[in-house]
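I have placed the structure first, in the form of structure tokens, so that the comments after it can refer back to it.
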Protein chains: 2
Amino acid sequence: MAMIETPRSQYGQIAELLLRRIEDGTYPAGSPLPSEDRLADELGVSRVTVNRAVGLLRIAGHVKVKRGSGTLVRALPMIHRDAKARYAARAQGTGAGDVEARFHNLQSKTVYRRIAETPAPEDVAETLGIKKDQPTLIRSRVLYANDEPTQIADSYIPWTIAEKSPELLNENAGPGGSYERLADIGHGPARFTEDVTVRMPTDEEQRVLELEPTQPVFQIWHVAYDGKDRPVEVTVHVMPGYLWKLRYGWDE
Amino acid sequence: MAMIETPRSQYGQIAELLLRRIEDGTYPAGSPLPSEDRLADELGVSRVTVNRAVGLLRIAGHVKVKRGSGTLVRALPMIHRDAKARYAARAQGTGAGDVEARFHNLQSKTVYRRIAETPAPEDVAETLGIKKDQPTLIRSRVLYANDEPTQIADSYIPWTIAEKSPELLNENAGPGGSYERLADIGHGPARFTEDVTVRMPTDEEQRVLELEPTQPVFQIWHVAYDGKDRPVEVTVHVMPGYLWKLRYGWDE
DNA sequence: CAGTGGTCTAGACCACCAC
DNA sequence: TGGTGGTCTAGACCACTGC
């Protein structure tokens with residue numbers, strides 16, 4: 001990371017200094033950084049410059065600001081998500097998305113925000129091969145690890161399919177989860193695709209995921225196809241970029 | 001994106017305003033934004049505030065600053081990368097990584113930076129199951145589309161394998177590319193994994209990819225295993241986040 | 001040389017938090 | 001109420017570009 005010694009900006013160098021101190025334990029995980037005023041004094045620069053340096057650390061997810069209180073060093077470790085393995089585990093009855101959390105010995109929590117019939121947004125409709133605003137079942141939830149939000153997951157199922165399995169309207173869709181319910185009614189997923197992008201969070205995502213306008217998020221556009229290759233479910237995952245490592249694998 | 005009407009920061013609102021103007025064609029792709037001084041005048045704010053607003057657009061990749069000259073609206077469209085398809089195409093003789101570029105009618109270019117024997121970095125060594133600093137063949141290249149850098153790709157092959165196929169030392173490794181050469185010597189790739197992360201670019205990546213310190217990059221840690229499930233190649237792809245959509249798919 | 005963005009400062013006011 | 005970070009300003013100096 002460190003280079004020969006370009007005439008770097010002060011805020012860039014200060015960010016590096018603070019990062020070194022985080023990594024060598026001067027500022028341990030979970031502890032607060034010194035206040036920006038104090039750092040400005042110590043380093044002989046204005047607070048604006050310190051603020052900008054801290055901004056770099058925030059973008060990268062190294063620290064998290066508690067408004068009015070202070071700036072804390074990130075506590076959560078990076079979470080691994082193995083696309084294939086997680087759905088395999090799910091098929092064996094493991095609950096939704098706490099596969100990853102358990103692996104890391106984190107306490108997992110899922111909060112459902114909304115389970116209801118809703119008109120399909122345009123992009124979802126296109127993926128599902130139905131018309132915009134045709135009815136779908138939405139299952140929208142937020143996942144937490146150690147009480148910190150780790151992802152938003154919004155699933156959409158065409159209503160003509162979903163209505164055949166009333167259990168899909170429950171938070172707990174029963175043994176094996178919603179994919180097993182789809183299997184019950186002859187639409188068990190046989191093939192998946194995921195499109196991964198990075199982007200800046202929307203205002204809502206900033207609020208829910210406790211992110212800042214400058215912190216990039218992963219978006220995973222997950223599509224499940226049944227045995228006749230008909231798209232039967234779309235799930236949009238939005239997750240803080242610094243928090244996740246996504247694993248994919250294939251043969252041949 | 002837009003919400004009820006939170007008391008948003010000025011720079012945030014200005015960023016939204018500028019983005020609207022980009023999207024509605026007021027500032028077309030490839031054209032310059034008005035200077036920050038002019039915008040500050042027009043909007044009745046200080047230049048620092050405009051600078052900060054433009055900073056948000058830069059992070060998201062909507063504009064690109066030409067130092068000393070001006071700020072341009074991004075011209076390149078998003079590039080799709082289908083992990084499975086690209087290696088399939090490669091096996092049929094298509095050159096390295098211009099699969100995606102061709103799809104988008106972009107002019108593609110590959111510049112090799114280094115093809116040489118080199119000691120394995122620690123993380124590469126760990127993946128390849130060899131010891132740190134044991135010799136590997138590195139093939140390091142930068143890919144461009146329409147003369148803009150789109151990715152850095154550094155491939156490592158254990159030297160004990162690579163030395164059996166001298167063509168791997170050529171920029172053009174022959175028909176079918178380097179994977180065919182590995183097949184020639186009994187190490188044809190049979191299985192792949194990719195680990196995807198987002199992070200901030202290093203100084204070198206900023207320079208090569210013409211990025212700014214705040215623009216996130218995708219890192220793809222690509223590993224090829226031969227028929228005996230021995231790791232025979234690691235490729236690290238680093239690419240501007242705003243530029244790519246990564247597609248993965250699997251059955252069952 | 002003039003125009004552009006990059007950075008820095010000192011000072012200010014605000015919203016939010018904990019006490 | 002005092003401490004924290006969020007934001008804004010006016011003014012300044014710099015490096016780089018293109019003429």
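Note on naming: letters A, B, ... go to the chains in the order of the sequence lines (proteins, then strands), and numbering restarts at 1 for each one.
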**Pair A/T235-A/E233, side-chain donor/acceptor within less than 3.5 Å** = yes
For nucleotides 9-11 of chain C, tabulate all protein N/O to nucleotide N/O atom pairs closer than 3.5 Å, reporting atom names and distance.
{"unit_1": "C/dT9", "atom_1": "OP2", "unit_2": "A/S46", "atom_2": "N", "d": "3.0"}
{"unit_1": "C/dT9", "atom_1": "OP2", "unit_2": "A/S46", "atom_2": "OG", "d": "2.7"}
{"unit_1": "C/dT9", "atom_1": "OP2", "unit_2": "A/T49", "atom_2": "OG1", "d": "2.3"}

**Message:** Below 30° counts as parallel, above 60° as perpendicular, anything between as tilted: where do the rings of A/Y248 and B/Y248 land?
**Reply:** parallel
Taking [atom1] from [X] and [atom2] from [N], how many angstroms apart are they, rounded to a whole number?
{"X": "B/D41", "N": "C/dG5", "atom1": "CG", "atom2": "P", "value": "13 Å"}
{"X": "B/D37", "N": "C/dA2", "atom1": "CG", "atom2": "C1'", "value": "12 Å"}
{"X": "A/E36", "N": "D/dT7", "atom1": "CD", "atom2": "C1'", "value": "11 Å"}
{"X": "B/R52", "N": "D/dC8", "atom1": "CZ", "atom2": "P", "value": "6 Å"}
{"X": "B/L57", "N": "C/dG5", "atom1": "CG", "atom2": "P", "value": "13 Å"}
{"X": "B/K64", "N": "C/dG6", "atom1": "NZ", "atom2": "P", "value": "14 Å"}

Whether [Y] and [X] form a salt bridge (side-chain N of Lys/Arg under 4.0 Å from carboxylate O of Asp/Glu) is what I want to check.
{"X": "A/D147", "Y": "A/K109", "value": "yes"}
{"X": "A/K132", "Y": "A/E122", "value": "no"}
{"X": "B/K64", "Y": "B/E148", "value": "yes"}

Please write out each protein N/O paired with an N/O of nucleotides 15-19 of chain D under 3.5 Å, distance rounded to 0.1 Å.
none

**Request:** Return no unless some side-chain N or O of A/N51 is found under 4.0 Å from OP1 or OP2 of D/dT7.
**Result:**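 False: A/N51 side-chain N/O out of range (4.0 Å or more) of D/dT7 OP1/OP2.
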**Asked** OP1, OP2 of C/dT7 versus side-chain N and O of A/Y11: anything below 4.0 Å?
**Response**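 Checking A/Y11 against C/dT7: at least one side-chain N or O falls below 4.0 Å of OP1 or OP2.
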**Request:** Can you see which heavy atom on B/Y11 is nearest to which on B/T49, and at what distance?
**Result:** CB-O, 3.7 Å
**Request:** Go through the steps for A/R199 and B/Y242 under the test side-chain hydrogen bond (donor to acceptor under 3.5 Å, both in side chains), then give the verdict.
**Result:** CA-CA 7 Å; A/R199 59 173 175 76; B/Y242 66 84; over 6 Å; no
**Message:** Would A/R21 pass as a cation-pi partner of A/Y27, given that its NZ or CZ must be under 6.0 Å from the six-membered ring centre and within 45 degrees of the axis?
**Reply:**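 Because its charged atom misses either the 6.0 Å distance or the 45° angle limit, A/R21 does not stack over A/Y27.
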**Asked** What pattern of brackets, bars and dots sums up DNA chain C from 5' to 3', given Watson-Crick or G-U wobble pairs under 3.5 Å, [ ] for crossing pairs and | for another strand?
**Response** ||||||||||||||||||.
